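Below: one structure, written as structure tokens.
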Amino acid sequence: MSNPQHLRYSKEHEWLSATDENGVATVGITEFAANALGDVVFAQLPAVGDTVTAGETCGELESTKSVSDLYAPVTGEVIETNQDVVDDPALVNSAPFEGGWLFKVKITDEPADLLTADEYTDFAG
């Protein structure tokens, strides 16, 4: 498993891109989490305009194995969700770091405990 170096990671197995010039970052789940879930068959994502809070549940992913909560890695306002994932949840498994992203958030607060790629690899084992 190779975690992209340019992303940051939460201990709940979400990834976060660097923010753009407007303070917006993209959120997804890691390849480790996608593999642990199994085949994702349903994605409930936060709605555009929702406020998400770091460390709190903001959605749900359902797989053939189980249902897993989706946690926000940062606090902010959701400005876009990935309709492609809603329409084809298997993208979470096939492209977790590309087309399988989940939502974009305008960050108002970012926790200090996000991990680098190497730290996340050590954490996830």
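Throughout, numbering of the chain's residues begins at 1 and tracks the sequence. Keep in mind that what you see is a predicted model, and the values were worked out from it rather than measured.
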- Query: With side chains defined as the heavy atoms from C-beta onward, is the minimum distance between Pro111 and Val74 less than 4.5 Å?
  - Reply: yes

- Item | Contacts of Phe123 that satisfy side-chain contact (heavy atoms from CB on, under 4.5 Å) - sequence neighbours left out | Lys11, His13, Leu115, Tyr120

With a 3.5 Å cut-off and sequence neighbours excluded, list the donor-acceptor pairs that the side chains of residues 20-28 form with protein atoms.
unit_1: Asp20; atom_1: OD1; unit_2: Asn22; atom_2: N; d: 2.8
unit_1: Asp20; atom_1: OD1; unit_2: Gly23; atom_2: N; d: 3.2
unit_1: Asp20; atom_1: OD1; unit_2: Val24; atom_2: N; d: 3.0

- What is the distance from atom OG1 of Thr64 to atom CG of Asp39, rounded to the nearest 0.5 Å? 4.5 Å

- Item | Minimum heavy-atom distance between Asn93 and Val40, given as atom pair plus value | OD1-N, 2.8 Å

- Task: Might you work through the side chain to side chain contact (heavy atoms under 4.5 Å, CB included) test for Leu16 and Leu114, ending with a clear yes or no?
- Result: CA-CA 9 Å; Leu16 179 75; Leu114 292 174; 3.7 Å; yes

- Message: Could you check whether any side-chain N or O of Ser63 sits under 3.5 Å from a backbone N or O of Lys65, counting only pairs where one atom can act as donor and the other as acceptor?
- Response: yes

- Any chance you could lay out the side chain to side chain contact (heavy atoms under 4.5 Å, CB included) test for Tyr9 and Thr30, step after step, and finish with the verdict? CA-CA 8 Å; Tyr9 301 85; Thr30 65; 3.6 Å; yes

- Message: Return the CG to CD distance between Leu91 and Glu98, rounded to the nearest 0.5 Å.
- Response: 10.5 Å

- Note on the structure: Note: Gln5 and Ala117 closest approach over all heavy atoms is NE2-CB, 3.6 Å

- Please round to the nearest 0.5 Å and tell me the distance separating atom NZ of Lys104 and atom CD of Glu80. 4.5 Å

- Please list, chain by chain and in numerical order, all residues satisfying salt bridge (charged side-chain N to carboxylate O under 4.0 Å, His left out) with Glu12, sequence neighbours excluded. none

- Item | Side-chain hydrophobic cluster, 4.5 Å single linkage: members besides Val67 | none

- Task: Taking the side chain as every heavy atom from C-beta outward, state whether Ile107 and Thr75 have any atom pair closer than 4.5 Å.
- Result: no

- List the steps, then state whether side chain to side chain contact (heavy atoms under 4.5 Å, CB included) holds for Cys58 with Phe103. CA-CA 10 Å; Cys58 64; Phe103 62 94; 4.0 Å; yes

- For Pro96 and Ser94 the tightest heavy-atom approach is CD-C, 3.7 Å

- At their closest point, which heavy atom of Val86 faces which heavy atom of Ala43, and how far apart are they? CG2-O, 4.3 Å

- Task: To the nearest 0.5 angstrom, please state how far the CD atom of Gln44 sits from the CD atom of Glu62.
- Result: 10.0 Å

Without placing hydrogens or testing angles, list every side-chain donor-acceptor pair under 3.5 Å for residues 48-57, not counting sequence neighbours.
unit_1: Asp50; atom_1: OD2; unit_2: Ala47; atom_2: N; d: 2.9

- What heavy-atom pair brings Phe97 and Leu7 nearest, and what distance separates the two atoms? CD2-CD1, 3.6 Å

- Message: If you define the side chain from C-beta out and look only at heavy atoms, does anything of Ile79 sit under 4.5 Å from Val105?
- Response: no

- Query: Is it the case that Thr121 and Asn3 place a side-chain donor and acceptor less than 3.5 Å from each other?
  - Reply: yes

- Message: When you compare the side chain of Ile29 with that of Trp15, does any pair of heavy atoms fall below 4.5 Å?
- Response: no

- Is there a path of hydrophobic side-chain contacts, each under 4.5 Å between heavy atoms of I, L, V, M, F, W or Y residues, that connects Phe32 with Val85? no

- Query: So do Glu14 and Leu70 actually touch side chain to side chain, heavy atoms under 4.5 Å?
  - Reply: yes

- Item | Within residues 114-125 or reaching into it, pairs that qualify as salt bridge (Lys or Arg N to Asp or Glu O under 4.0 Å) - sequence neighbours excluded | none

- Can you tell me how far the OG atom of Ser68 sits from the CD atom of Glu60, to the nearest 0.5 Å? 8.5 Å

- Exam field: side chain Asn82 to backbone Gly100, donor-acceptor pair closer than 3.5 Å: no

- Message: Do Pro46 and Val78 have side chains that approach each other closer than 4.5 Å (heavy atoms only, starting at C-beta)?
- Response: yes

